[in-house]
Enquirer: 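Sharing a structure, written as structure tokens. Questions coming.
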Amino acid sequence: MPELQRLRPDHAPAILAFERENRAFFAASVPDRGDDYFTHFAARHAALLAEQATGACHFHVLVADDGDEIMGRFNVVDVADGSAELGFRLAEKATGRGLATEVVRDLFTLCTTTYTLTTLRAAATLTNAASRSVLTRTGFVLTGEEVMLSGKRGVWYVRELAADRSGR
């Protein structure tokens with residue numbers, strides 16, 4: 001079973017490989033990171049670690065059984081007043097097995113017990129049926145708010161965590 005790990009400096013090479021390998025797959029349903037992301041990856045990774053150290057964000061990677069390969073990224077960002085935003089992406093070869101759903105549910109427990117959050121928000125493009133399905137299966141509900149994600153129409157979801165300490 002892949003393991004969810006908090007982002008560390010030594011994850012950088014595997015994350016870069018993950019992002020490069022899955023770039024076209026991701027761009028089909030989520031905004032592309034752009035060439036600049038890859039050109040300045042080392043600085044970006046260092047900035048994420050610095051931001052995580054402040055407690056404003058919590059970045060995670062899903063590491064394959066072999067311990068070397070990144071299968072997904074699950075991020076809890078913009079933490080403030082018991083609330084945060086959830087974002088995630090899963091490698092193409094890891095889709096269709098329920099991994100994203102399982103990890104998001106596991107994150108609920110981490111968010112309540114470790115990060116003391118009571119609410120998560122998440123946005124997904126209208127064309128990203130897989131992410132929207134994960135959000136719905138894990139108890140997120142549509143807010144009715146629309147959002148533009150790098151030029152793509154999307155919608156917001158919200159999930160209250162305080163009443164459900166089990167994460168299910």
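In what follows, every heavy atom counts, from backbone to side chain, and hydrogens, waters and symmetry copies are set aside.
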Enquirer: Can I get a per-line list of side-chain donor-acceptor pairs under 3.5 Å for residues 3-14, giving both atom names and the distance, sequence neighbours left out?
Expert:
unit_1, atom_1, unit_2, atom_2, d
E3, OE1, Q5, NE2, 3.4
Q5, OE1, R8, NH1, 3.1
Q5, OE1, H11, NE2, 2.8
R6, NH1, H58, ND1, 3.0
R6, NH1, Y115, OH, 3.0
R6, NH2, H58, ND1, 3.4
R8, NE, D10, OD1, 2.8
R8, NH2, D10, OD2, 3.0
H11, ND1, R8, N, 2.9

Enquirer: Exactly one of T113, L161, L117 should register a side-chain contact (heavy atoms from CB on, under 4.5 Å) with F108. Which one does?
Expert: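 Going through T113, L161, L117 one by one, the side-chain contact (heavy atoms from CB on, under 4.5 Å) with F108 is satisfied by L161 alone.
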
Enquirer: Tell me, do V63 and P2 make a side-chain contact under 4.5 Å, heavy atoms counted?
Expert: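 In short, these two side chains do not touch, never coming nearer than 4.5 Å.
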
Enquirer: Nearest 0.5 Å please: distance from the CG atom of D106 over to the CG atom of L62.
Expert: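 So the CG of D106 and the CG of L62 are separated by 9.5 Å.
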
Enquirer: According to a 4.5 Å side-chain heavy-atom criterion applied to Ile, Leu, Val, Met, Phe, Trp and Tyr, with indirect links allowed, do L149 and Y157 form part of one hydrophobic cluster?
Expert: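 In one cluster with L149: Y157, no.
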
Enquirer: Taking side-chain hydrogen bond (donor to acceptor under 3.5 Å, both in side chains) as the cut-off, I'd like each qualifying pair that reaches into residues 71-82, sequence neighbours left out, listed once.
Expert: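 Listed once each, the pairs are E19-R73, Y37-R73.
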
Enquirer: Write down the atom of F18, the atom of N22, and the distance for their closest heavy-atom approach.
Expert: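 Looking at all heavy atoms of both residues, the shortest contact is O-ND2, 2.9 Å.
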
Enquirer: Hydrophobic clustering (ILVMFWY, side-chain heavy atoms < 4.5 Å, transitive) - are V77 and W156 grouped together?
Expert: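 Each belongs to a different hydrophobic cluster.
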
Enquirer: Going only through I, L, V, M, F, W and Y residues with side-chain contacts under 4.5 Å, is there a path from F38 to V61?
Expert: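 Both belong to a single hydrophobic cluster.
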
Enquirer: Any donor and acceptor pair, going by atom type alone, linking the side chain of E69 with main-chain N or O of A64 inside 3.5 Å?
Expert: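 Checked: no pair found.
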
Enquirer: CZ of F41 to CG of L16: how many Å apart, nearest 0.5 Å?
Expert: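 Those atoms lie 5.0 Å apart.
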
Enquirer: For the CG atom of D66 and the CE atom of M71, what is their distance to the nearest 0.5 Å?
Expert: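 It is 8.5 Å, given to the nearest 0.5 Å.
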
Enquirer: Can any side-chain N or O of T118 pair as donor or acceptor with the backbone N or O of G82 at less than 3.5 Å?
Expert: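 Between the backbone of G82 and the side chain of T118 there is a qualifying donor-acceptor contact (under 3.5 Å).
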
Enquirer: Would you please test R105 and V134 for side-chain contact (heavy atoms from CB on, under 4.5 Å) and show each step?
Expert: CA-CA 10 Å; R105 285 182 176 144; V134 168; over 6 Å; no

Enquirer: Can you tell me how far apart CG (L49) and CZ (R44) are? Round to the nearest 0.5 Å.
Expert: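 With rounding to 0.5 Å, CG (L49) is 10.5 Å from CZ (R44).
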
Enquirer: Let me check something: do V141 and V104 share a hydrophobic cluster, defined by ILVMFWY side-chain heavy atoms less than 4.5 Å apart, either directly or through other members?
Expert: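 Looking at the clustering, V104 is in a separate group from V141.
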
Enquirer: If you round to the nearest 0.5 Å, how far is CG of L135 from CZ of F140?
Expert: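 Reported value, rounded in 0.5 Å steps: 5.5 Å.
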
Enquirer: Please check if the side chain of T54 supplies one atom and the backbone of E51 the other of a donor-acceptor pair under 3.5 Å.
Expert: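 Side chain of T54 to backbone of E51, a donor-acceptor pair under 3.5 Å: yes, one is there.
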
Enquirer: If you compare all heavy atoms of E160 against all heavy atoms of V158, which two are closest, and at what distance to 0.1 Å?
Expert: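 Heavy-atom minimum between the residues: OE2-CG2, 4.0 Å.
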
Enquirer: Work out which heavy atom in V79 is nearest to a heavy atom in A84; give both atom names and the distance.
Expert: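 Here V79 and A84 meet closest at CG2-CB, 3.8 Å.
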
Enquirer: Check for a donor-acceptor pair, side chain of R137 on one end and backbone N or O of T101 on the other, with a separation under 3.5 Å.
Expert: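 No; judged by distance alone, with no hydrogens or angles, the pair does not exist.
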
Enquirer: Could you tabulate the donor-acceptor pairs under 3.5 Å formed by side-chain atoms of residues 120-128, not counting sequence neighbours?
Expert:
unit_1, atom_1, unit_2, atom_2, d
R121, NH1, E145, OE2, 3.1
T125, OG1, S29, O, 2.6
T125, OG1, T127, OG1, 3.4
T125, OG1, N128, N, 3.4
N128, OD1, S131, N, 3.1
N128, OD1, S131, OG, 3.4
N128, ND2, S131, OG, 3.1

Enquirer: Taking only Lys NZ, Arg NE, NH1 and NH2, and the carboxylate oxygens of Asp or Glu, determine whether R23 and D35 approach each other closer than 4.0 Å.
Expert: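 Salt bridge: yes.
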
Enquirer: Looking at L90 and F25, what are the two nearest heavy atoms and their distance?
Expert: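 In this case the closest contact between L90 and F25 is O-CE2, 3.5 Å.
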
